[in-house]
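Just so we're clear, the structure is a prediction, and the values are computed from it rather than from any experiment. Worth knowing before you read on, the calculation uses all heavy atoms, side chains too, and leaves out hydrogens, waters and symmetry mates.
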Amino acid sequence: MEALLNLARLAGVTLSYEATDGRQIVAGGDILRRILSALNLPADTDEQIALATGRLHSRSRALQPVIVYKGKPIPFFLEHSTDPQPYSAEIQLEGDLVITPLQKLEQHPEAGGSTYYLHLLDPLPPGYHHLYLLPRELGRPGLKSLLIVAPAKAFDPVDLPAGSRALGLQLYALADRAATMGTFYDLLTLASAAREEGFRLLGLNPLHAPPWEGTDLLSPYSPSSRYYKNPYYLDPARLPEYAALPDSRKAEARADQARGPLDYRLIFQEKDRLLRSLFEIFYTEHLPAGSALATEFAEFRRTEGNLLRLQALYDALRVDFSARGQADWNQWPLSFQQPDLPAVQAYEKKETKKITFYCWLYWHAGRQFDQVARQLDQMGLGLYLDLAVGVPHLSFETWAFRDTFALKASTGAPPDPFAPGGQNWGLAPFHPHRLRDVAYAPFIEILRRNMLPGGVLRMDHFMQIMRLYWVVNPGAGEPGAYVSYPADELAAIIALESQRNKTLIIGEDLGTVPSELSRLMKDYHFLSWKVLYFEKDGDEFKDAGRYPESSLFSINTHDLPTLRGFLEQTDIDLRSRLNLLTPEQEQAARAERQADIRALLQRIGLNGDVPPVANDVLAAIRRWAADLPCRLIVESLHDLLSMKDQPNLPGTTREYPNWALPYRLPVSQIKL
């Protein structure tokens, strides 16, 4: 057993963790073996354990593929070496300038070889640089590492003072016409009211691209691709091609229906028909004529390069195989399950028009988003975007970049009071070792494509940069364990990209947060997330003065009850009705809620004996929050509209209309 535990430690698997109730949870041998298997380290026999341990031990002593360089000596180990100067260093700076820095190499002989310490005596500018160790004798291999030189802190906009306010909303729920979903341009309808009320930012749910197909489940936190914007948010009537559409086709939109849960299948059918008609105009009229629009599209394809090519290729393949009942790429013939296979290349040559449609779709989605963002900026409103923690196992990202994911595991969360059975989010985690081997290229690209100059990026489940809870059995609530990630390196990358893209970073750090992560967030000036429901000292809610300046304040999140739901306990009613709580858990939850309501009313200056009215409590919280030192104050549109149903209920799929509830008013009628 000790050998298994040692292997788990070397692999970065956490052997135990502290639960939210303070108990120490220890991972058993079966869980460790399954997680090690998901890391491609089989550990069922003593021989496998010994082999994997030796491999990891050698790997840890070699020149690391990535180094966050802070001026300290760079270590590496050479077996059977007695040469005091086996290498000289050369650095290729970002921008391709090659330099030979002043350097010193120290040798420390050990059993079986020597550990060397390379001292670079010249400072390096912030950026991604490559270190090359060049052998002084023939036959010795060269060594290479990515040197990340990070800025001292992430971007911190001077024009966003403490107490700045953001309006948090779900874009899909924002629409004027019933039974359809919001578009990018609906943000402009809301913008004037938001600015008049004093909001500086509009905070949105993730805008990542899902599969382009009819579905009854469309979670913004389960995208197919975090590289492109969601075409569902396109407003077809604002596309340049729309003017050439026959009037009879423009009039085919469905009649309004009741404002019930969104029927994504019907929404997709209508939008897909209309967009394909508009694409036909573009394909038959603009492309052959080489219009200005066609020239702009060609430039988009050129600059996007291989990433757009792969994305569009995957979407076309998925639609074709879905027609045969094979939507997921693991159901496709083996000759199509990887993008570089001959059958895929032959398909690409044959289905040019199909693939062009998806390129056109992502072009217009990004184009409309950029247009709206510019208009909002002119109105004095920034955007606060959200980055999902992962993608499903059978998505574009896992098809195109499979080796960087651990497909035998799912990201989730251990049991807590809001999800007593634990959570399995159905998302494939990045494989920490393989992601590092490719110098974090996919992670860096995802960051760049979700940062907006002058805006804010919220990173969901920020603990992802230090550890993720891996579930290794099928089904929600199955046991798992935490797997470690190289937090120093990931934090340095985030800080560097934040400065380059002039984007403020918020780390959603709810739950049991390791102290090391809190230190990193403070060092790099990433804002922490403070949720009113959780900010308590014992039985009392924290005083306003106890909130740190380097934080964001909100009453709740999309996974928690709205303020009205919290006060009326509708979330407990719902979880009980759906058998997510045992009778004992329900009784305990209601007792705790009653105590929390009394404590909250007392904290914000209301009489705890007065039956709470959501609007009165919200007004009192807003007055109380005005004295918070927090950098950002986020107010939910759900709360401002006094809605009782929360956007998402963890632990459910079809039992609750997750991510499908519209706002109770059309966007043009919303007053703040």
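Within 6.0 Å of CD in Glu540 there are 12 or fewer heavy atoms belonging to other residues, nucleotides or ligands. Within a 6.0 Å sphere centred on NZ of Lys542, other residues, nucleotides and ligands contribute more than 12 heavy atoms.
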Check the pair Asp573, Arg577 against salt bridge (Lys or Arg N to Asp or Glu O under 4.0 Å), reporting the backbone distance first and the verdict last. CA-CA 6 Å; Asp573 296 339; Arg577 190 165 64 248; over 6 Å; no
Check: residues 545-553 side-chain donor-acceptor pairs under 3.5 Å, at least two apart:
{"unit_1": "Arg546", "atom_1": "NH1", "unit_2": "Asp537", "atom_2": "OD2", "d": "2.4"}
{"unit_1": "Arg546", "atom_1": "NH2", "unit_2": "Asp537", "atom_2": "OD2", "d": "3.4"}
{"unit_1": "Ser551", "atom_1": "OG", "unit_2": "Pro548", "atom_2": "O", "d": "2.5"}

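Residues forming a side-chain contact (heavy atoms from CB on, under 4.5 Å) with Leu188 (at least two apart in sequence, or on another chain): Tyr185, Val372, Gln375, Leu376, Met379.
Side chains of Ser219 and Trp659: a donor on one and an acceptor on the other come within 3.5 Å. Side-chain N/O atoms of Thr652 and Asn658 include a donor and acceptor closer than 3.5 Å. Defined by atom type and a distance below 3.5 Å, a donor-acceptor pair is missing between the side-chain atoms of Asp596 and Tyr533.
Contact check on Asp156 versus Arg631 returns a salt bridge, with a Lys/Arg side-chain nitrogen under 4.0 Å from an Asp/Glu carboxylate oxygen. A salt bridge links Arg575 with Asp571: the distance from a Lys NZ or Arg NE/NH1/NH2 to an Asp or Glu carboxylate oxygen falls below 4.0 Å.
Within the 4.5 Å cutoff, side-chain heavy atoms of Ile494 are placed close to those of Phe443. For the pair Leu187/Leu381, no side-chain contact is recorded, criterion being any heavy-atom separation below 4.5 Å from C-beta on.
Both tests hold for Arg467 against Tyr482: distance to the six-membered ring centre under 6.0 Å, angle to the ring axis within 45°.
Listed by first then second residue, pairs satisfying ring pair (Phe, Tyr, Trp, His ring centres under 6.0 Å) with a partner in residues 627-653 read His638-Tyr663, not counting sequence neighbours.
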